[in-house]
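Written out below as C-alpha coordinates is the structure these notes cover.
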Amino acid sequence: MAPKRATPFMPRHSHEYAVRVSQRSGKNGSVVAAECLFCVYFGRESKVGSKRKNTGNIKYFSMPFRADNYRQHHVKQHPQKWEQYQEANDEEKKMFFEENRPVKETLHNHYGAKQVKQRYLINAPIVKVIIGELLWDPDDIDGSTHKNMMSSFIDYVDESEVMEEGEEGGDRFCIEINNPVQFSLAIEYLQAGLSFRQAARVMIGTKERTGLAAIGSCSDYTIAIGS
Ligand SMILES: [Zn+2]
(Lines give C-alpha, C1' and ligand atoms only; values in the text may rest on other atoms or scores of the structure.)
Protein backbone atom coordinates (compact mmCIF):
# COMPACT_ATOMS: atom_id res chain seq x y z
CA MET A 1 0.00 0.00 0.00
CA ALA A 2 1.39 3.41 -0.91
CA PRO A 3 2.23 5.44 2.20
CA LYS A 4 0.30 8.42 0.82
CA ARG A 5 -2.96 6.49 0.98
CA ALA A 6 -2.53 5.31 4.54
CA THR A 7 -4.13 8.18 6.40
CA PRO A 8 -5.63 6.44 9.43
CA PHE A 9 -8.72 7.65 11.22
CA MET A 10 -8.01 10.47 13.64
CA PRO A 11 -10.13 10.30 16.79
CA ARG A 12 -10.29 14.07 17.16
CA HIS A 13 -12.03 14.26 13.80
CA SER A 14 -15.07 12.61 15.37
CA HIS A 15 -15.82 15.80 17.21
CA GLU A 16 -14.48 18.20 14.64
CA TYR A 17 -16.24 16.75 11.62
CA ALA A 18 -19.15 14.90 13.21
CA VAL A 19 -18.16 11.42 12.10
CA ARG A 20 -18.53 8.21 14.05
CA VAL A 21 -16.56 5.00 13.74
CA SER A 22 -18.82 2.39 12.18
CA GLN A 23 -16.48 -0.46 11.39
CA ARG A 24 -13.19 -1.71 12.74
CA SER A 25 -10.79 -4.24 11.35
CA GLY A 26 -11.13 -7.66 12.92
CA LYS A 27 -7.37 -8.05 12.61
CA ASN A 28 -5.98 -5.08 14.50
CA GLY A 29 -8.96 -2.97 15.51
CA SER A 30 -8.03 -0.11 13.22
CA VAL A 31 -10.88 1.97 11.84
CA VAL A 32 -12.17 0.75 8.49
CA ALA A 33 -15.21 2.98 8.10
CA ALA A 34 -16.75 6.02 9.73
CA GLU A 35 -20.24 7.36 9.14
CA CYS A 36 -21.41 10.92 8.72
CA LEU A 37 -23.57 11.90 11.70
CA PHE A 38 -25.45 14.54 9.72
CA CYS A 39 -26.58 11.79 7.34
CA VAL A 40 -27.53 9.53 10.26
CA TYR A 41 -29.47 12.11 12.25
CA PHE A 42 -30.77 14.59 9.72
CA GLY A 43 -30.42 13.07 6.27
CA ARG A 44 -29.04 14.92 3.30
CA GLU A 45 -30.36 18.42 2.69
CA SER A 46 -32.27 19.05 -0.49
CA LYS A 47 -31.04 21.77 -2.76
CA VAL A 48 -33.43 24.63 -3.43
CA GLY A 49 -35.16 24.09 -6.75
CA SER A 50 -33.71 20.64 -7.17
CA LYS A 51 -36.03 18.15 -8.79
CA ARG A 52 -33.94 15.21 -7.82
CA LYS A 53 -35.01 13.39 -4.72
CA ASN A 54 -32.30 13.19 -2.12
CA THR A 55 -30.92 9.79 -1.33
CA GLY A 56 -31.44 8.61 2.21
CA ASN A 57 -28.06 6.93 2.06
CA ILE A 58 -25.64 7.43 4.87
CA LYS A 59 -22.21 8.48 3.79
CA TYR A 60 -19.44 6.13 4.88
CA PHE A 61 -15.90 7.33 4.84
CA SER A 62 -12.96 5.01 4.48
CA MET A 63 -9.20 5.33 4.06
CA PRO A 64 -7.72 7.80 3.59
CA PHE A 65 -9.52 9.57 6.43
CA ARG A 66 -8.67 13.05 5.31
CA ALA A 67 -10.28 16.17 6.74
CA ASP A 68 -11.01 17.62 3.32
CA ASN A 69 -13.02 14.52 2.41
CA TYR A 70 -15.33 15.18 5.36
CA ARG A 71 -15.50 18.87 4.62
CA GLN A 72 -16.29 18.31 0.96
CA HIS A 73 -19.19 15.98 1.79
CA HIS A 74 -20.62 18.28 4.49
CA VAL A 75 -20.49 21.39 2.32
CA LYS A 76 -22.23 19.57 -0.50
CA GLN A 77 -24.80 17.49 1.41
CA HIS A 78 -25.38 19.36 4.68
CA PRO A 79 -24.65 23.04 3.97
CA GLN A 80 -26.98 24.40 6.66
CA LYS A 81 -26.27 21.92 9.43
CA TRP A 82 -22.57 22.06 8.74
CA GLU A 83 -22.63 25.86 9.05
CA GLN A 84 -24.47 25.60 12.39
CA TYR A 85 -22.12 22.92 13.59
CA GLN A 86 -19.03 24.94 12.85
CA GLU A 87 -20.45 27.91 14.74
CA ALA A 88 -21.32 25.78 17.78
CA ASN A 89 -18.95 25.64 20.75
CA ASP A 90 -17.60 22.35 22.09
CA GLU A 91 -20.48 21.80 24.48
CA GLU A 92 -23.08 22.55 21.82
CA LYS A 93 -21.32 20.24 19.40
CA LYS A 94 -21.64 17.40 21.90
CA MET A 95 -25.36 18.06 22.18
CA PHE A 96 -25.88 18.66 18.49
CA PHE A 97 -27.11 15.18 17.69
CA GLU A 98 -28.30 14.20 21.12
CA GLU A 99 -31.84 15.49 20.79
CA ASN A 100 -32.38 14.04 17.38
CA ARG A 101 -33.35 10.54 16.57
CA PRO A 102 -31.55 8.97 13.67
CA VAL A 103 -33.54 9.34 10.47
CA LYS A 104 -33.50 5.61 9.87
CA GLU A 105 -34.75 4.91 13.35
CA THR A 106 -37.77 7.16 12.91
CA LEU A 107 -38.58 5.41 9.67
CA HIS A 108 -38.40 2.09 11.41
CA ASN A 109 -40.61 3.36 14.21
CA HIS A 110 -43.15 4.17 11.60
CA TYR A 111 -43.28 0.51 10.68
CA GLY A 112 -43.35 -0.61 14.29
CA ALA A 113 -39.92 -2.16 14.52
CA LYS A 114 -37.19 -0.33 16.38
CA GLN A 115 -34.33 -1.69 14.37
CA VAL A 116 -31.56 0.21 12.76
CA LYS A 117 -30.03 -1.16 9.58
CA GLN A 118 -26.51 -2.44 9.73
CA ARG A 119 -24.05 -2.18 6.91
CA TYR A 120 -21.11 -4.41 6.25
CA LEU A 121 -18.31 -4.03 3.78
CA ILE A 122 -17.11 -7.29 2.30
CA ASN A 123 -14.03 -7.88 0.20
CA ALA A 124 -14.88 -8.48 -3.45
CA PRO A 125 -13.37 -11.99 -3.81
CA ILE A 126 -15.55 -13.26 -0.95
CA VAL A 127 -18.66 -11.98 -2.67
CA LYS A 128 -17.71 -12.91 -6.23
CA VAL A 129 -16.07 -16.27 -5.69
CA ILE A 130 -17.36 -17.75 -2.44
CA ILE A 131 -20.89 -16.37 -2.27
CA GLY A 132 -21.38 -15.91 -6.00
CA GLU A 133 -19.93 -19.21 -7.24
CA LEU A 134 -18.84 -21.80 -4.69
CA LEU A 135 -22.12 -21.89 -2.78
CA TRP A 136 -24.08 -22.54 -5.93
CA ASP A 137 -24.99 -25.41 -8.11
CA PRO A 138 -23.26 -24.44 -11.40
CA ASP A 139 -26.61 -24.85 -13.20
CA ASP A 140 -28.24 -22.19 -11.03
CA ILE A 141 -25.63 -19.53 -11.64
CA ASP A 142 -27.03 -16.88 -14.00
CA GLY A 143 -30.57 -17.92 -13.02
CA SER A 144 -32.98 -15.39 -11.54
CA THR A 145 -32.54 -16.59 -7.93
CA HIS A 146 -28.81 -16.12 -8.26
CA LYS A 147 -29.33 -12.70 -9.78
CA ASN A 148 -31.74 -11.65 -7.00
CA MET A 149 -29.45 -12.86 -4.31
CA MET A 150 -26.36 -11.21 -5.72
CA SER A 151 -28.22 -7.93 -6.14
CA SER A 152 -28.10 -7.57 -2.34
CA PHE A 153 -24.41 -6.84 -2.68
CA ILE A 154 -23.84 -3.34 -3.84
CA ASP A 155 -20.56 -2.16 -5.29
CA TYR A 156 -19.06 -0.01 -2.61
CA VAL A 157 -18.08 3.29 -4.15
CA ASP A 158 -16.69 6.04 -2.08
CA GLU A 159 -16.88 9.09 -4.29
CA SER A 160 -14.59 11.08 -2.05
CA GLU A 161 -11.86 8.49 -2.15
CA VAL A 162 -8.92 9.71 -4.11
CA MET A 163 -7.48 6.91 -6.19
CA GLU A 164 -3.77 6.60 -6.59
CA GLU A 165 -2.28 5.68 -9.92
CA GLY A 166 -3.02 2.10 -10.92
CA GLU A 167 -5.87 1.76 -8.43
CA GLU A 168 -9.26 0.87 -9.71
CA GLY A 169 -11.45 0.71 -6.66
CA GLY A 170 -14.40 -1.69 -6.66
CA ASP A 171 -12.57 -4.01 -4.30
CA ARG A 172 -15.41 -4.14 -1.82
CA PHE A 173 -19.11 -4.72 -1.68
CA CYS A 174 -21.61 -3.32 0.76
CA ILE A 175 -24.53 -5.27 2.15
CA GLU A 176 -27.32 -3.85 4.26
CA ILE A 177 -28.84 -5.90 7.03
CA ASN A 178 -32.38 -4.63 7.35
CA ASN A 179 -33.30 -6.83 10.27
CA PRO A 180 -30.40 -7.22 12.72
CA VAL A 181 -32.53 -9.28 15.15
CA GLN A 182 -33.28 -11.87 12.50
CA PHE A 183 -29.71 -11.69 11.22
CA SER A 184 -28.12 -12.49 14.59
CA LEU A 185 -30.58 -15.33 15.20
CA ALA A 186 -29.83 -16.75 11.75
CA ILE A 187 -26.09 -16.72 12.52
CA GLU A 188 -26.79 -18.65 15.75
CA TYR A 189 -28.86 -21.24 13.93
CA LEU A 190 -26.33 -21.72 11.14
CA GLN A 191 -23.49 -22.02 13.65
CA ALA A 192 -25.46 -24.78 15.34
CA GLY A 193 -25.35 -26.62 12.04
CA LEU A 194 -28.84 -26.03 10.67
CA SER A 195 -29.35 -25.73 6.93
CA PHE A 196 -30.81 -22.54 5.44
CA ARG A 197 -34.21 -24.21 5.25
CA GLN A 198 -34.07 -25.54 8.81
CA ALA A 199 -32.91 -22.15 10.08
CA ALA A 200 -35.88 -20.49 8.39
CA ARG A 201 -38.26 -22.98 9.99
CA VAL A 202 -36.82 -22.47 13.47
CA MET A 203 -36.96 -18.72 12.90
CA ILE A 204 -40.66 -18.81 12.09
CA GLY A 205 -41.25 -21.12 15.06
CA THR A 206 -39.39 -18.73 17.35
CA LYS A 207 -41.47 -15.83 16.13
CA GLU A 208 -44.75 -17.70 16.64
CA ARG A 209 -43.87 -18.95 20.12
CA THR A 210 -42.44 -15.70 21.41
CA GLY A 211 -44.69 -13.24 19.60
CA LEU A 212 -41.56 -11.25 18.75
CA ALA A 213 -42.73 -9.28 15.73
CA ALA A 214 -39.24 -7.84 15.30
CA ILE A 215 -38.06 -11.17 13.94
CA GLY A 216 -40.06 -10.48 10.81
CA SER A 217 -40.85 -12.86 7.99
CA CYS A 218 -38.32 -15.37 6.84
CA SER A 219 -37.55 -18.11 4.30
CA ASP A 220 -34.47 -20.14 3.41
CA TYR A 221 -33.80 -17.47 0.84
CA THR A 222 -33.71 -14.68 3.48
CA ILE A 223 -31.38 -16.77 5.60
CA ALA A 224 -29.06 -17.19 2.65
CA ILE A 225 -28.85 -13.52 1.73
CA GLY A 226 -28.86 -12.33 5.32
CA SER A 227 -31.38 -9.51 4.91
ZN1 LIG B 1 -23.58 13.20 5.44
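Keep in mind that what you see is a predicted model, and the values were worked out from it rather than measured. Atoms within a ligand are numbered from 1 in the order they appear, just like the ligands themselves.
Atom CG of Asp139 has more than 12 neighbouring heavy atoms from other residues, nucleotides or ligands inside a 6.0 Å radius.
Atom CG of Asp90 and atom CE of Met95 lie 13.5 Å apart (nearest 0.5 Å).
In the hydrophobic clustering of ILVMFWY residues, with side-chain heavy atoms under 4.5 Å counting as a link, Ile141 and Phe173 come out together.
With His78 as reference, His73 is the one residue of Glu83, His73, Gln84 to meet the side chain to side chain donor-acceptor pair (under 3.5 Å) rule.
Below the 2.8 Å limit, the Zn ion (ligand 1) has as protein N, O or S neighbours Cys36 SG, Cys39 SG, His73 NE2, His78 NE2.
Relative to the six-membered ring of Phe61, Lys59 meets both conditions, a distance below 6.0 Å and an angle of at most 45° to the axis. Both the sub-6.0 Å distance and the 45° axial angle are satisfied by Lys81 relative to the ring of Phe42.
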